There are 2 protein chains.
Amino acid sequence: MTSERTYHHGDLRRTLLAAALDVIAAHGPDSLSLRDLARRVGVSHAAPAHHFKDRTGLLTALAAEGYALFADALADAPGLQERGVAYVRFATRHPAYFQVMFRPELYRADDPALLAAKARATQALRAGIGDLPDAARGEDDRLAGIAAWSLAHGFATLLLTGNLSDALEGRAPETAFRSLTGLIFTTRGGAEG
Amino acid sequence: MTSERTYHHGDLRRTLLAAALDVIAAHGPDSLSLRDLARRVGVSHAAPAHHFKDRTGLLTALAAEGYALFADALADAPGLQERGVAYVRFATRHPAYFQVMFRPELYRADDPALLAAKARATQALRAGIGDLPDAARGEDDRLAGIAAWSLAHGFATLLLTGNLSDALEGRAPETAFRSLTGLIFTTRGGAEG
DNA sequence: TATGGATCTAGTCACTGACAAGATTCAGGG
DNA sequence: CCCTGAATCTTGTCAGTGACTAGATCCATA
C-alpha cells in the first residue's frame with residue numbers, strides 16, 4: 001500500500017494521524033506543521049486539508065482518538081488506586097495524545113465525536129468513587145473525586161513537563177505513584193473500586 | 001512617557017512584557033506574536049528583538065518573572081495547606097505566568113535568571129515538608145511532598161483548562177481546594193508548616 | 001465506457017519569526 | 001559646543017506556515 005505510490009494514497013488520513021503523533025511526541029504539539037506532515041508522508045501540502053479541513057481539525061481528531069483510548073485504559077483498571085495508576089501510565093505511554101487532550105485551545109471542544117469520547121472517559125474516571133451521579137453524592141465524595149483526579153493529573157503533568165525527573169530519582173513513575181497514593185488514601189479506605 | 005511618542009520609547013521592555021501578559025491571559029501563549037505585540041505598543045516589528053532577541057527570549061523573561069512572583073506568593077503562605085491554596089490562587093490570578101512557567105518548551109530552561117527564580121520557588125515549595133534536603137528525608141516524606149505538589153498542580157491545571165468548571169458548581173476554587181486538602185491530609189497531620 | 005464524486009496537486013495570499021543594514025537618540029568627554 | 005560610541009528603534013527582506021481556490025487524477029458503478 002504505502003510502498004508503491006499512486007495518486008490515491010490508500011489511507012492518508014490514518015497515515016497523517018500517525019505521523020502527527022510521532023512529531024508531537026518528539027517536539028510537542030506547537031511544532032506540528034501540516035506542510036511538514038505532508039512532506040513526511042509524501043503528498044502535496046494541501047492534501048491534509050481534504051481530510052481534516054485545517055490544523056485544528058487534525059488536532060480535534062487526535063484528541064477524540066486520545067479520549068477514546070483513555071476511556072478504555074481507565075475502564076480496564078480495577079479499583080480507584082489502579083485507575084490512578086492507569087491515568088499516569090496513559091500519560092507516559094501516549095504523551096502525544098495526553099498533551100493534546102488537555103490543551104483544549106488546540107482543538108474544537110464542541111466536536112460531537114470528541115464530546116462522546118470525552119464523556120466516556122469522564123464516566124470511566126468517575127466510576128468507583130461511587131456509582132451515583134454527581135448530584136446524589138455527598139459533598140465529601142465529590143471533593144474526594146476532584147482530589148483523586150487532581151492528584152493523578154498533577155503527577156502526570158509534572159512528569160511530562162520534566163518537573164519530577166530528579167524527585168523520582170530513577171523510580172518508575174507508575175510505581176512511585178502507586179506507593180504515593182497508598183500513603184495518602186489508606187487511612188480513608190479509598191482503595192476499593 | 002507613553003503619551004508623547006519619541007524615538008526612544010522609554011520602557012519598551014516593560015511595556016512589551018505587560019502587553020504579552022494581556023495577550024497570553026486572553027488567548028494563550030501560542031497566539032502570541034511579536035509583530036502583533038509591536039503593533040499594539042506602537043513600535044516597528046523588529047523593535048522587540050532588541051530587548052529579547054527572539055520570541056523564546058521574551059517568553060523566557062516572562063517565565064523568570066513568573067517564578068519570582070510565584071516564590072514570593074508561596075513564601076508568604078503559612079503552613080503546608082495554605083501553601084497549596086497559594087499555589088492555586090497564583091494560577092488563577094496570574095494564569096499567563098502560570099501557563100508559560102509550566103510549558104518549558106516555550107522558553108530557554110537553562111537561562112540563569114530563570115534558574116535562580118525557579119530554585120527560589122522550589123525552595124519555598126519544599127519548606128515545611130521538612131527543612132531537610134531531599135536526600136536526608138525519609139521515603140514517605142519525599143513521596144508526600146510529591147503528592148502535595150501533584151495535588152495542587154493538578155487542581156490548578158484542571159482549573160485553567162476548564163475541566164473543573166462544572167464539578168465546582170460555582171464554588172470559589174481556593175475554598176474548594178482548602179476543604180479538599182483538609183479532607184485528605186487531616187488524618188496525617190500534614191497541616192502544620 | 002461514461003459519469004460523478006472522492007482524492008490529491010498546483011498556485012496564491014497574508015502572516016509570522018528571524019536577520020541585516022541603516023537611522024535616530026542619548027550620554028559623556030574633549 | 002561638538003564629537004564619538006553605544007543603545008535603541010526602523011526599514012527591508014527571506015523562508016516557512018495556514019488557509020483558500022481551481023484544477024487534475026482516480027475510482028466506483030451503472
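Quick caveat: nothing in here was measured; it's all calculated off a predicted structure. So you know, we letter chains A, B, ... as the sequences are listed, proteins then strands, and number each from 1. Below, each value reflects all heavy atoms present in this structure, side chains not excepted, and no hydrogens, waters or symmetry copies.
- Here the nucleotide nearest the side chain of B:R35, chosen from C:dT16, D:dT17, C:dC8, is C:dT16.
- At least one side-chain nitrogen or oxygen of A:R39 sits closer than 4.0 Å to the OP1 or OP2 atom of D:dT17.
- The nearest whole Å value for the distance from the CG atom in B:L12 to the C1' atom in D:dC9 is 9 Å.
- Between B:F90 and B:H94, the gap from one ring centroid to the other is short of 6.0 Å.
- Checking the phosphate oxygens (OP1, OP2) of D:dC9, no side-chain nitrogen or oxygen of B:S44 falls inside 4.0 Å.
- Put simply, the side chain of B:Q81 gets close to the backbone of B:R178: a donor and an acceptor are under 3.5 Å apart.
- Here C:dG17 presents its P atom at 12 Å from CG of B:D30, a figure rounded to the nearest Å.
- Aromatic pair A:F102/A:H153: centroids less than 6.0 angstrom apart.
- Between the C1' atom of D:dC9 and the CG atom of B:L16 lies a distance of 12 Å, rounded to the nearest Å.
- Looking at A:R120, its side chain never comes within 3.5 Å of a backbone N or O of A:Y67 through a donor-acceptor pair.
- Within residues 45-54 of chain B, the residues approached by DNA chain D to less than 4.0 Å at the level of any non-hydrogen atom are B:H45, B:A46, B:A47, B:H50, B:H51, in residue-number order.
- Nucleic acid contact for B:L32: sugar-phosphate only, since backbone atoms but no base atoms lie under 4.0 Å from a heavy atom of the residue.
- Between D:dG16 and A:S33, no contact under 4.0 Å exists linking OP1 or OP2 to a side-chain N or O.
- In this entry the distance linking CG of A:L59 with P of D:dG18 reads 10 Å, nearest Å.
- Between B:F70 and B:Y87, the gap from one ring centroid to the other is short of 6.0 Å.
- Side-chain atoms of B:R55 lie closest to C:dG17 of the nucleotides C:dT9, C:dG17, D:dG18.
- Atom pair A:L34:CG and C:dC8:P shows a separation of 15 Å (rounding to whole Å applied).
- For A:R103 and A:D30, the salt-bridge test passes: some basic side-chain N is under 4.0 Å from an acidic carboxylate O.
- When atom types are taken as modelled, the side chain of B:T175 and the backbone of B:R171 share no donor-acceptor pair closer than 3.5 angstrom.
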